[in-house]
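Notes follow the structure.
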Amino acid sequence: MSKTFKRHLITAALPYANGPVHIGHLAGVYIPADIYVRYLRMQNKDVKFICGSDEHGVPITIKARQLGVSPQDVVDKYHGIIKDAFSRFGISFDIYSRTSSKTHHKTAADFFRKLYDEGQFIEKSSEQYYDEEAQQFLADRYIVGTCPKCGAENAYGDQCEKCGSTLSPNELINPRSAISGSKPVMRETKHWYLPLDQHEEWLRKWILEDHKEWKVNVYGQCKSWLDGGLQPRAVSRDLDWGVPVPVEGAEGKVLYVWFDAPIGYISNTIELLPNEWQTWWKDENTEMVHFIGKDNIVFHCIVFPAMLKAHGDYILPENVPANEFLNLEGDKISTSRNWAVWLHEYLDEFPNQEDVLRYVLCANAPETKDNDFTWKDFQTRNNSELVAVFGNFVNRAAVLTQKYFEGKVPACAELNDYDKEVLAEIPLIKQRLEESLSSYRFREALKEAMNLARLGNKYLADTEPWKLAKTDMGRVATILNISLQICANLGVAFEPFLPFSAAKLNRMLNTEAKRWSDFGRTDLLSSGHLLGEPELLFAKVEDEAIEKQLKKLHDTKLANTATQKPVVEPQKASVTFDEFGKMDIRTVTVLEAERVPKTDKLLKLKIDTGVDVRTIVSGIAEYYSPEDMVGKQVCVLINLEPRKIKGIESQGMIMMAKGADGKMCLIQPSEGMVNGATIS
RNA sequence: GGCGCGAUAGCUCAGCUGGUUAGAGCGCAUGAUUCAUAAUCAUGAGGUCCCCAGUUCAAUCCUGGGUCGCGCUACCA
């Protein structure tokens, strides 16, 4: 059914170099990708595993500014931490490079220039915030102000970190530049857009018709975007950190990080294979697979393919297996809140237990929905699965062989029916493993590998060689031979998942790493072969280790709530009495109230201001129902410039008190007043 | 509000094409066992397959409606 490819180009999402890598990244992307790659390599497939740090974009420049260092310093630091941690964790990239490299800058610039020369972009001018003091345009992240949703100070132009709302810069109240602190002005700037709408037709066919096999979350997300109609997407930004736009008159502009980053896959391949990279990216016999998290779906399934298609001769991904998100102890993982298990810290705190984390994160990977990582589950899976099932079986076989045969593989005599039955299971397990792996079902695959160890335990329990040792050593020899062959097969089956343990197991068996094709053979260890020193494959995780981690998280939580306590906004700049006098605030009565259709928060109110009867729209539906409002007397700023909201003109603003958590309540006169009484 | 994804045993999850006695691992109970890191093996208890309607000979699965959770998106002068 599926096409056979000559080579496999596997990419894993480029980690963003403004922080270290955590368990969410691993479970979502790097562990499944690494398993897949190792599986392909064991089959002697021609495979390249490409990754690297994504080092451009605004958050990195902000972090640099906060720390008083250069953006290059920031990415140098995190690139180092990430690269080192991946390597220690056994993620087997063929190359882990970075987008600040010379090769990448040239590749990305050339890529852009070709599309530019061929008229693949549209140029558009628009008004954007400009900082006159610092003489530069301000990216969304560089504009701070009061969040219009929760009232938090210091919300960014694209997002409020306090309440998590997505914002656009002109929504911010009292916007100011994060660079100079001055009030930004609107100024015209030119940018290049990739007209995704022009690519919609072939994308629709390519994804919706030709790739129905993609995971439902990926397919559904793409369909949703396509059905909504694609819009041109800006590919440049006004910023001084990134790949400069290679066009005359584009000073101070760089490629948008989302245009730049996926080209990193190409650049890193070029760096790895300067002479033959084109075969990997342009030959139809290459299977390209992008492993990503669900936040990247649209870029890898729609934007990047459109870029590749626009460029012309590139192949498109065969599949984009995207995972959902991993939570930690019931809460969303968050870099800024330090709610995470960081890979580099894990590696220090759990030395020689790389595979435990690999096992747990694969067994509980968020393949179909968000999953939760708990330390208790980590401990249980280690102690009652890795130790009790896999480690224990290997240990039993090894110890029995030491005891009865001085550590030499005993000869296999004639097999009885039960032996045959057990051995016949191995190829079945292998087949199920292959089916799962080739359809990116890693959780299921791992479980299947574990079944091989369970088979071993059952075989020993059923045949009871320790009893037969008193009467029939020939039979004991056969049983242990078979048990050891199962051990050797475990080394093959687990190599993609637990490479460190597979290597350790091979050391214990005193044998070389095997190919995938050896899986299922029952003569992997010849009789008389001397085993290595028995050692324990896995160590127990004690309660203390778990408690230590839980305490660490608990402390993080305390630290977070402590810093969140002072929520009262500081006093604003002084105003003159004249300025205050310009505000025309009146007591008014609500005559009618109704929900604005298709919104969550809006009420449309008809009010009697004493001056007139007018309509205002207010975002209070979360706190007040229309029935609550009718007949109420409230305070309204009536000379605020009218503004259209959802097509309705709002002529004024209801005065509300806003609490720390964004909760709002009405300000009402303490006794009934005439409509139109002024407030001063 | 729109869109996408999900809801199955105490917990974590399978169930891929309507028909199965609805499954696995962990946990729990009972028994067996002692080679093994108190590990293993067997047996068992445990289910309103989120709710309501419909299609069908037959629905956990398909359709429509609803509830809850997560994500994207719109609105808060």
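On a predicted model such as this, the values are computed, not experimentally measured, just so you know. Within every chain, numbering begins at 1; the chains are lettered A, B, ... in the order of the sequence lines, protein sequences first and strands thereafter.
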Sugar-phosphate, base or nothing in reach of A/Val399, heavy atoms under 4.0 Å: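 The residue A/Val399 makes sugar-phosphate contact but no base contact.
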
Any A/Gln379 side-chain heavy atom under 4.5 Å of A/Asp543 side chain: yes

Using the side-chain heavy atoms of [X], tell me which of these nucleotides is nearest: [options].
X        : options             : result
A/Ser384 : B/A36, B/C70, B/C26 : B/C26
A/Leu400 : B/U12, B/C5, B/C35  : B/C35
A/Ala461 : B/G25, B/A77, B/U40 : B/U40
A/Lys540 : B/A39, B/G71, B/C35 : B/A39
A/Thr380 : B/C41, B/C26, B/C3  : B/C26
A/Ser650 : B/A77, B/C26, B/C75 : B/A77
A/Asp370 : B/A39, B/C70, B/U12 : B/C70

Atom P, compared across B/A45 and B/U34: separation rounded to whole Å: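 Rounded to whole Å, the distance is 27 Å.
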
Nearest-angstrom distance, P atom, B/G44 to B/G2: 49 Å

Value rounded to 0.5 Å, distance of CD1 in A/Ile302 from CG in A/Leu226: 4.5 Å

Value in whole Å for how far the P atom of B/A77 lies from CD1 of A/Ile616: 9 Å

